[in-house]
Amino acid sequence: MSSTPWRDSRSGALLPARQMREGLATETLHAFRGILASAAAHDDSSRLTSACGRLMSSIHAPGQRSASPALPFSGMLQLDIVLKKGNNLAARDRGGTSDPYVKFKLSGKEVYRSRTIQKNLNPVWEERVCLIVDSLHEPLYIKVFDYDFGLHDDFIGSAYLYLESLEQNRPLDVSLDLRDPHHPQQDLGTLDLVVTLAPKDRVDNEAKAGLKAYRWKPYVSKTMLLRRSWKRSSKTQQQSLRLSDLHRKCQLWSGIVSISLIEGRDLIPMDQNGFSDPYVKFRLGHQKYKSKTMPKTLNPQWREPFDLHLYEEEGYLLEISVWDKDTGRRDDFIGRCQLDLSTLSKEHTHKLELPLEEEKGMVVLLITLTASTAVSISDLSVNILDDPHERQQIDKRYGLLRSFTNVKDVGVVQVKVLRAEGLMAADVTGKSDPFCVVELWNDRLQTHTVYKNLSPEWNKVFTLNVKDIHSVLEVSVYDEDRDRSADFLGKVAIPLLHIHNGEQKAYVLKNKELTGPTKGVIFLEIDVIFNSVKASLRTVVPAERKYIEEEQKVSKQLLQQNFSRVKRCILFLINVCNYINSCFEWESPQRSILAFLLFVVVVWNFEIYMVPLSLLLLLAWNYFLLASGKKSRDGDVEAVEDFLQDEVEEYDRDDKDSEKKGFIDKLYAIQDVCVSVQNALDEVASYGERIKNTFNWTVPFLSWLAIASLSVATLVIYFIPLRYVVLVWGVSKFTRKLRDPYMIDNNELLDFLSRVPSDVQVIQYRELKLDPGQSPSKRKRNNPG
């Protein structure tokens, strides 16, 4: 742990503030003993008083003359800090860089946070912060983090600035060595600051006299009042509200950037075969997006749409970089380009051909800037759906009469985050500092932090746009930590179609994998308003991808689980074939006779429209079985649930083993192959389970949509000859590229099935029942998460 440097009077060497304070304390102790001895010998109390006064006024840093009288501990002091730059910071990202930002804390409270410098180990901030303090005994705690999109920012290092070692009215250049308390020997880089301490009265007088107290215009000036108090006063509450308003403003986005990555042209070859395996990374502020990889091509066709949020505080600069995917070693950099979005007109689609630097190729994009609506954070006393007039306007906006205007705007969801009870204690004090995060796919908002509380009350209302009614609302609770990323406390996942409007419910928190309970419950009230026609139309277009998805890891248990899921699908097909074969073998004469008569009738009278009609009848038959209670909607997902419980335990063991051995991280090629096989098995099993769950009415909205589609298909094929239907389909496919060269390719059937949950997702989204006879702690012991 490092502190402010100080020069020795004899050697001129730099001394840390701690060593300076120890020397100062020793000198003070000897001087005070001498004063006491002299006063006792002369029995003169006045001499003792005057001597003590002279001692206090003469105390200063060893070897230096005090530039001013002793600091007025009873008055207010102004601390000006210029955060200049960082040097040789530790790399925390896989690319060998970091996205650093700095936090200042006083008395355990965060008082300042710098902006984030992207991909830089020697960042230059040049930011100024002005703090008003009334005590020099509390050091300023400085922490540096690497920003990662999401929650888990990586800790880089920390340092202390001891205020009692500073002089008045004298700017001091400070270089702080960053340290990790758990690994104090590691070199994590340094921070350069300029620190000035002055009485607040003097600053106020200068301001009144016409002098500007803040002369450095390039710096960001922030002033806040810090008081040491064990109890929260009304002023502190007002300050917290102001900070909450600032926090709320930083979370809200002013617009949406809709980007379609179309293609690349004339990219340079990076592999020995004369080709590349290109993919594209996008960065807008703190948001990142990575496209899919196109193998062995110099003119890739991505046809990939996605959306980014536009924050005015983070600027309008869109950074684009193209990379070549390599297996077994670091990916090769192809080229980059930048785009200033402020130069584009809004509510209009722009076709852009952006050349990469140094003539390394070109990237073609379609970009549309649209204004954001219905995104807000408010208190319980102020929310739009409780206002009858506002609710009427929203109902009208998503009514059936406006089904074909702005098809992407499907609906709106309002989430009231009320409180939590019985949370897990994450701190050594037996308490937690919980805050809540609300996520709807790529949209993310969070509450304030309630310190030292296991039953926090947030009472916040979040309003978000719904772009896909099949999205899942995720509400997570985290513990704010001083030196590390936030600790996970619990999570719930709620599909929007499962929500009952206006119902206040207590949800049992689950673990990270959403497969079992953890300690605590959270109370939510959710309302969803959407247009059914828009929701149906959005079902057959490609689903939105997440900006940043967790990197897949090789897991023996997950591989076994996916293999078992595929095996169950294959066994189902084998059982169907065996059942049909048993009819041929006359194992049951009655069944064989019925099958023979059905075969003759169907073949003799077969028409092509009977194919969708048979699927329609199967859906209707399953609906009848579910309505009569003869069949369960979840089907046979219990077997998958057992696999998931085993996976959680094995996942923890794998993490420990990987930390000890680290062997699998060295074999990138084998890891990529295993991940590919693992994902392929998961995809095959998921599609089989989704087909089953469509007929099982797991999501009634999708099953009704399937019935409507099959009914239309049956009528069309019944009244129109098949050759005409196939002719229209073929002409449409052949002329698609000619009619719209930049149309996004998609398969409507696969897009529909992607909205149906697999058996794993059914378990993850299943709501756990709260046992009223058990406390959260008892439930945790009985059901370890």
Return the [atom1] to [atom2] distance between [X] and [Y], rounded to the nearest 0.5 Å.
X      : Y      : atom1 : atom2 : value
Cys583 : Phe599 : SG    : CZ    : 12.0 Å
Lys519 : Leu423 : NZ    : CG    : 9.0 Å
Thr694 : Leu619 : OG1   : CG    : 8.0 Å

Practice problem: State which residues pass ring-ring contact (aromatic ring centres under 6.0 Å, His included) with Tyr718; sequence neighbours excluded, sorted by chain then number. | Solution: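 With neighbours one apart ignored, the set is Tyr609.
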
Exercise. Using the test ring-ring contact (aromatic ring centres under 6.0 Å, His included), find all partners of Phe530 that sit at least two apart in sequence or belong to another chain.
Key: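 Not a single residue meets the ring-ring contact (aromatic ring centres under 6.0 Å, His included) criterion with Phe530.
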
Set of residues satisfying side-chain contact (heavy atoms from CB on, under 4.5 Å) with respect to [X], sequence neighbours excluded:
X      : value
Leu625 : Trp621, Asn622, Lys630, Lys631
Leu715 : Phe719
Phe572 : Val576
Val600 : Phe596

Taking the side chain as every heavy atom from C-beta outward, state whether [X] and [Y] have any pair of such atoms under 4.5 Å apart.
X      : Y      : value
Ile494 : Leu524 : yes
Leu753 : Ile691 : yes
Val413 : Ile526 : yes
Gln414 : Val461 : yes
Val540 : Leu705 : no
Asn511 : Lys491 : no
Val472 : Gln761 : no

Self-check item: Residues which pass side chain to side chain donor-acceptor pair (under 3.5 Å) with Ser403, listed by chain and number, not counting sequence neighbours
Solution: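 By the side chain to side chain donor-acceptor pair (under 3.5 Å) rule, Ser403 matches Asn531.
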
Self-check item: side chain to side chain donor-acceptor pair (under 3.5 Å) partners of Ser588, counting only residues at least two apart
Solution: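 Ser588: no side chain to side chain donor-acceptor pair (under 3.5 Å) contacts found.
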
Exercise. Under the salt bridge (Lys or Arg N to Asp or Glu O under 4.0 Å) rule, collect the residues that match up with Asp468, sequence neighbours excluded.
Key: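 Counting only residues at least two positions away or on another chain, Asp468 forms a salt bridge (Lys or Arg N to Asp or Glu O under 4.0 Å) with Arg755.
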
Practice problem: Output all residues satisfying salt bridge (Lys or Arg N to Asp or Glu O under 4.0 Å) with Glu587, sequence neighbours left out; order by chain, then residue number. | Solution: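 Testing Glu587 for salt bridge (Lys or Arg N to Asp or Glu O under 4.0 Å), a comparison that skips the adjacent residues, returns none.
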
Quiz prompt | Qualifying salt bridge (charged side-chain N to carboxylate O under 4.0 Å, His left out) pairs with a residue from residues 523-543, counting only residues at least two apart or across chains | solution =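 Those involving residues 523-543 are Arg391-Asp527, Lys416-Glu525.
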
Exercise. With side-chain contact (heavy atoms from CB on, under 4.5 Å) as the test, would you mind laying out the steps for Thr463 and Val412 before giving the verdict?
Key: CA-CA 7 Å; Thr463 307; Val412 64; 3.6 Å; yes

Practice problem: For Arg565 and Ser686, test the side chains for any donor-to-acceptor distance below 3.5 angstrom and give the result as yes or no. | Solution: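 Side-chain D/A pair, Arg565 to Ser686: present.
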
Atom pairs and distances, donor-acceptor, side-chain atoms in residues 503-510, under 3.5 Å, two or more places apart:
from   : atom 1 : to     : atom 2 : distance (Å)
Lys505 : NZ     : Glu767 : OE1    : 2.7
Lys505 : NZ     : Glu767 : OE2    : 3.0
Lys510 : NZ     : Gln764 : O      : 2.9
Lys510 : NZ     : Arg766 : O      : 2.4

Quiz prompt | Other residues, nucleotides, ligands: >12 heavy atoms within 6.0 Å of Leu571 CG | solution =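 For Leu571, atom CG is crowded (more than 12 foreign heavy atoms under 6.0 Å).
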
